[in-house]
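Read through the structure below, which is laid out as structure tokens, and then see the notes.
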Amino acid sequence: MVDTSIEYHSIIMRCDCIQHDAFRELPENVIIEYYKDGMEEIWKDIQKEAGEFSTKTDQETIDYFIDRFGDHKESLKEHCLFLKNKNTQQYIGTCMAWQSYKSAMSIPILHWLAVSDTFAGQGFARILITLILQLFENQNPNEPIYLHTQPSSYQAIKLYHDFGFQLCRTDTYGTAINEYEQAIKVLKQVMTKESYENLIKDSIL
């Protein structure tokens with residue numbers, strides 16, 4: 001669950017070398033589904049249950065999805081995945097292996113990771129990241145992978161770091177602003193001392 005009380009600052013992370021020892025296998029009772037027409041409702045439910053779009057209505061959240069991704073539905077069918085409990089048919093979480101741009105070149109980004117609060121703390125975020133990085137290894141081998149996050153997602157930041165993502169002090173992509181200096185002041189307050197120090201030690205330009 002995103003803690004909306006934590007001050008927002010824009011964070012950019014980049015993975016130049018995937019740490020495969022952080023990978024986790026899919027449990028037997030969980031299946032992968034890729035986006036199909038109409039699954040924006042499910043995407044909305046997961047995101048809102050994870051604490052995203054807290055100031056927006058359900059319809060505004062769906063409108064955001066359609067506005068942002070509606071023209072890319074064929075790509076969504078290959079790059080937007082969902083985890084589902086095959087026994088209860090409950091949707092667990094979602095993430096995208098998406099593309100943005102940097103200096104007019106297309107780059108891979110890990111995008112819109114979210115796990116429903118019902119399933120938080122059970123390792124599903126790690127599974128989703130594993131699946132997305134495996135997609136990138138097949139489709140964008142040996143390319144740096146970027147993501148955008150914020151201090152309120154400090155638990156996810158620790159997880160990203162386990163996979164080889166590093167805080168960028170100046171680097172960015174697309175239209176995202178890098179607020180490294182402001183962000184680390186907040187992260188220092190909310191992360192454990194060890195996790196914070198490891199994160200700063202491994203930061204890159």
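With values rounded to the nearest 0.5 angstrom, Tyr154 atom OH is found 13.5 Å from Leu159 atom CG. Asn178 contributes atom CG, which lies 8.5 Å from atom NE2 of His148 (distance to the nearest 0.5 angstrom). A distance of 10.5 Å separates OH of Tyr101 from CD1 of Ile109, quoted to the nearest 0.5 Å. Rounded to the nearest 0.5 angstrom, Ile157 CD1 and Met191 CE are separated by 6.0 Å. With rounding to the nearest 0.5 angstrom, the CG atom of Leu113 is 9.0 Å from the CG atom of Leu147. We find the CD1-OH distance between Ile31 and Tyr91 to be 7.5 Å, quoted to the nearest 0.5 Å.
Shown here is Glu28, whose CD atom has no more than 12 heavy atoms of other residues, nucleotides or ligands within 6.0 Å. In the displayed structure, Asn87 atom CG is contacted under 6.0 Å by more than 12 heavy atoms of other residues, nucleotides or ligands. Counting heavy atoms of neighbouring residues, nucleotides and ligands inside a 6.0 Å radius, atom NZ of Lys102 exceeds 12 of them. Other residues, nucleotides and ligands contribute only 12 or fewer heavy atoms inside 6.0 Å of the CD atom of Glu194. Heavy-atom neighbours of Lys36 NZ from other residues, nucleotides or ligands within 6.0 Å: above the threshold of 12.
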message = Pair Tyr35, Glu78 - check side-chain hydrogen bond (donor to acceptor under 3.5 Å, both in side chains), show working.
response = CA-CA 7 Å; Tyr35 173 86; Glu78 297 181 357; over 6 Å; no

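Asn85 is listed as a side-chain neighbour of Asn29, based on a closest heavy-atom distance under 4.5 Å.
One side chain, Arg169 or Ser203, offers a donor N or O that lies under 3.5 Å from an acceptor on the other. Looking only at atom types and distance, the side chain of His9 has no donor-acceptor partner in the side chain of Glu181 under 3.5 Å away. Looking at His72 and Glu74, their side chains never bring a donor and an acceptor atom within 3.5 Å of each other. Between the side chains of Lys84 and Gln90, not a single donor N or O lies within less than 3.5 Å of an accepting N or O. Using a 3.5 Å distance cut-off with no hydrogens or angles, the side chains of Tyr160 and Gln166 do not pair a donor with an acceptor. Side-chain contact, Asn198 with His161: no donor N or O sits under 3.5 Å from an acceptor N or O.
Nearest heavy atoms, Ile11 versus Gln150: CD1-C, 3.8 Å. Taking each heavy atom of Val115 and Ala125 in turn, the nearest pair found is CG2-N, 3.7 Å. In terms of heavy-atom proximity, Val190 sits nearest to Pro151 at CG2-O, 4.4 Å. Across all non-hydrogen atoms, the minimal contact from Ile46 to Phe82 is CD1-CD2, 3.9 Å. Nearest heavy atoms, Glu137 versus Pro141: O-CB, 3.5 Å. Nearest heavy-atom pair across Leu110 and Cys95 is CD2-SG, 3.7 Å.
The cluster map of Ile, Leu, Val, Met, Phe, Trp and Tyr, joined by side-chain heavy atoms under 4.5 Å apart, puts Phe23 and Phe136 in the same cluster. Taken together through direct or relayed side-chain contacts under 4.5 Å among Ile, Leu, Val, Met, Phe, Trp and Tyr, Ile12 and Met96 form part of one hydrophobic cluster. Note: the hydrophobic cluster containing Tyr34 also contains Leu133 (ILVMFWY, side chain heavy atoms under 4.5 Å, direct or indirect links).
Formation of a donor-acceptor pair under 3.5 Å by the Thr192 side chain with backbone atoms of Ser195 is found in this model. Although no hydrogens or angles enter the test, the distance criterion places a donor-acceptor pair under 3.5 Å between the side chain of Thr94 and the main chain of Leu81. Gln89 contributes a side-chain N or O that, together with a main-chain N or O of Lys86, makes up a donor-acceptor pair within less than 3.5 Å. Between the side chain of Thr170 and the backbone N or O of Leu205, at least one donor-acceptor pair lies under 3.5 Å.
Between Asp63 and Lys56 there is no salt bridge, since no side-chain nitrogen of the basic residue lies less than 4.0 Å from a carboxylate oxygen of the acidic one. The existence of a salt bridge linking Lys193 and Glu197 is confirmed by a sub-4.0 Å separation between a basic side-chain nitrogen and an acidic carboxylate oxygen. With salt bridges taken as basic N to acidic carboxylate O contacts below 4.0 Å, one links Arg14 and Asp16.
Taking the six-membered ring where tryptophan is involved, the planes of Trp43 and Trp112 are perpendicular, since the angle between them exceeds 60° and thus also 30°.
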